2 protein chains.
Amino acid sequence: MKSNKEGNHYDVSRYRTPDGYTSDIAVFTITSEVTKAYAPPKMELKLMLIKRAAHDTEGNPNIEASKWALPGGFVTPEETAFEAAIRELEEETGIGGIQLKHFGVYDRPGRDPRGWIISNAHYAIVPEQKLSDRKASDDAADVELFSVRELDELPLAFDHKQIIEEAIAHISRDLLQTTAAEQFLPELFTYSELQAVLLTVTDDKAIRNDQAFARKIKSLPFIEAAKGQKTQRTSKLPTQLYRFIDAEIKQSIYTARH
Amino acid sequence: MKSNKEGNHYDVSRYRTPDGYTSDIAVFTITSEVTKAYAPPKMELKLMLIKRAAHDTEGNPNIEASKWALPGGFVTPEETAFEAAIRELEEETGIGGIQLKHFGVYDRPGRDPRGWIISNAHYAIVPEQKLSDRKASDDAADVELFSVRELDELPLAFDHKQIIEEAIAHISRDLLQTTAAEQFLPELFTYSELQAVLLTVTDDKAIRNDQAFARKIKSLPFIEAAKGQKTQRTSKLPTQLYRFIDAEIKQSIYTARH
DNA sequence: CTAATAGTGTCTATGAGACAGTATATA
DNA sequence: TATATACTGTCTCATAGACACTATTAG
């Protein structure tokens with residue numbers, strides 16, 4: 001897609017071209033299990049996977065049959081891979097209005113036995129409710145949520161094991177270093193709900209400690225208390241609600257505490 | 001690259017495929033201008049660009065002729081886009097052994113008038129010496145280093161303006177949030193040399209302040225003083241040298257100071 | 001000597017971290 | 001009343017940030 005120093009004109013037809021261009025989406029949700037009344041929820045980070053059919057519609061054995069895979073599909077020339085990911089997420093799960101983030105390209109030769117197929121990987125953060133709605137409206141035998149801790153033993157198609165590992169690394173980092181946790185929470189949330197989200201990807205002492213975290217949340221520049229707004233959904237004691245606000249976060253490892 | 005819930009078998013040939021798959025590389029260097037003896041260098045972040053020839057080898061007018069472009073080229077089916085970037089960087093500039101980082105995919109329809117061409121963008125951090133060696137050994141009329149501040153007025157080919165903007169954003173972030181600055185420095189460096197590198201992408205008060213930064217560097221967990229090793233290259237007073245060491249950096253916006 | 005860079009001494013304010021204690025509502 | 005969660009009081013210690021000061025060497 002360029003000239004080089006010698007000024008050659010590249011004729012596109014002279015080059016071998018890929019056999020396919022796809023988007024895959026790692027759809028994450030945090031399940032919020034209410035263990036009892038007036039208590040913070042137990043939260044767990046889960047990933048949605050689809051089970052590949054044993055046979056295709058003509059009855060022939062399917063490739064990578066019966067393995068679990070990320071949802072996704074082919075990109076058309078009229079759209080970007082990112083747009084295709086949004087479209088496919090909606091087609092396959094009925095979920096719209098979701099934040100997606102591109103995090104990688106997978107193009108290792110041989111990664112797909114059907115040819116030279118390049119995949120763009122994205123992750124999405126979906127509120128649990130949207131996923132369970134969809135699952136209920138479906139036969140859904142082949143769509144399942146897996147805890148990120150139980151993915152190791154699962155048979156995964158293609159190179160999706162690697163893609164998933166890197167998706168988890170990216171979402172963990174984003175949850176801690178950006179305000180992505182916002183996507184998993186209602187607009188107004190308590191300190192213990194935010195804490196539960198963060199604890200799905202870290203065991204940091206300062207986040208685990210209730211008192212420390214309850215104090216800290218008040219001084220974070222990107223979170224503000226919702227004045228006079230309280231809830232009893234996490235405790236008998238009416239609890240302060242907070243919301244995310246827009247605030248530039250600029251940190252550097254050279255100025256932070258260590 | 002998947003089955004969907006209905007179990008369709010995708011026949012690759014049923015889909016339109018891209019017309020090309022390329023890698024582009026934003027080659028950054030920090031020029032270190034020694035203004036006078038016994039003083040820290042003036043440093044500036046620069047980007048290497050190549051001027052597209054007016055005509056191709058057969059004498060036909062070249063596409064996007066005479067504009068400036070990132071080095072790069074087509075990916076072959078035997079390699080990943082990342083490997084292609086390394087190969088092309090070496091072919092076009094003779095530079096090897098360089099750290100590359102993939103930072104984006106550019107696949108907007110119409111971005112390249114020659115067809116549906118997908119580009120993977122990478123950035124590289126190259127010590128100034130390696131670049132100037134190469135430039136001297138070449139006629140090099142069409143290879144130039146531009147300060148990132150003067151790129152706005154430059155005529156750039158394709159969507160390289162956007163790619164370059166995003167490359168600068170990525171490298172700025174990486175310099176401040178990872179130990180990428182290591183790539184721009186000799187193995188042993190003074191606090192003022194590290195400071196000069198960081199100041200090419202930030203104006204943070206705590207980094208700009210000499211005393212503050214000289215104190216801070218001693219407590220950074222990923223930098224250690226090289227015992228007894230001093231230099232006079234930045235001042236008449238022999239100055240302590242430091243080196244980067246491997247240390248895990250785990251920060252979160254919820255635990256840092258603000 | 002001067003000039004320039006590289007530090008150190010010291011004070012203040014802030015906040016992290018730990019621990020104990022208090023507050024409020026439900027059952 | 002007991003219990004669980006949400007908070008506050010208070011202490012100690014580390015360090016960021018500011019300012020003044022000292023140290024070393026070439027020329």
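Below, chains carry the letters A, B, ... as their sequence lines are ordered, and counting in each starts from 1. Excluded from the calculations below are hydrogen atoms, water molecules and symmetry mates; all remaining heavy atoms, backbone and side chain alike, are included. Values in this document were obtained by computation on a predicted structure and should not be read as measured data.
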Flag, side chain of B:Lys67 to backbone of B:Leu154, donor-acceptor distance under 3.5 Å: no

Rounded distance (Å) that lies between atom C1' of C:dT5 and atom CG of B:Leu194: 17 Å

Shortest side-chain distance from A:Tyr191, nucleotide among D:dA26, C:dA18, D:dC7: D:dC7

Sugar-phosphate, base or nothing in reach of B:Ser192, heavy atoms under 4.0 Å: sugar-phosphate

A:Gln195 side chain to A:Ile207 backbone, donor-acceptor under 3.5 Å: yes

OP1 or OP2 of C:dA3 under 4.0 Å from side-chain N/O of B:Lys36: no

d(CZ, B:Phe213; P, D:dT15) in whole Å: 17 Å

Nucleotide nearest A:Ser235 (side chain, heavy atoms from C-beta), chosen from D:dA18, C:dA6, D:dA6: D:dA6

5'-most by nearest nucleotide on DNA chain C - B:Ala256 or B:Gln195: B:Gln195

Sugar-phosphate, base or nothing in reach of A:Lys218, heavy atoms under 4.0 Å: sugar-phosphate

Closest to the B:Leu237 side chain, choosing from C:dT14, D:dT24, D:dA18: D:dT24

Donor-acceptor under 3.5 Å (B:Thr234 side chain, B:Pro40 main chain): no

d(NZ, A:Lys236; P, C:dA23) in whole Å: 18 Å

Sugar-phosphate, base or nothing in reach of A:Ala37, heavy atoms under 4.0 Å: nothing

Sugar-phosphate, base or nothing in reach of A:Thr234, heavy atoms under 4.0 Å: sugar-phosphate

Touch class at under 4.0 angstrom, heavy-atom based, for A:Gln211 against every strand present: base

Closest to the B:Thr239 side chain, choosing from C:dT8, D:dC7, C:dA6: C:dA6

Residues B:Tyr123 and B:Asp174: side-chain donor-acceptor under 3.5 angstrom: yes

Which nucleotide in C:dA6, D:dA6, C:dA3 has an atom nearest any side-chain atom of A:Pro40: D:dA6

Which nucleotide in D:dA14, D:dA18, C:dG17 has an atom nearest any side-chain atom of A:Ala206: C:dG17

Minimum-distance nucleotide (side-chain atoms of B:Arg215 versus D:dA18, C:dA18, C:dA16): D:dA18

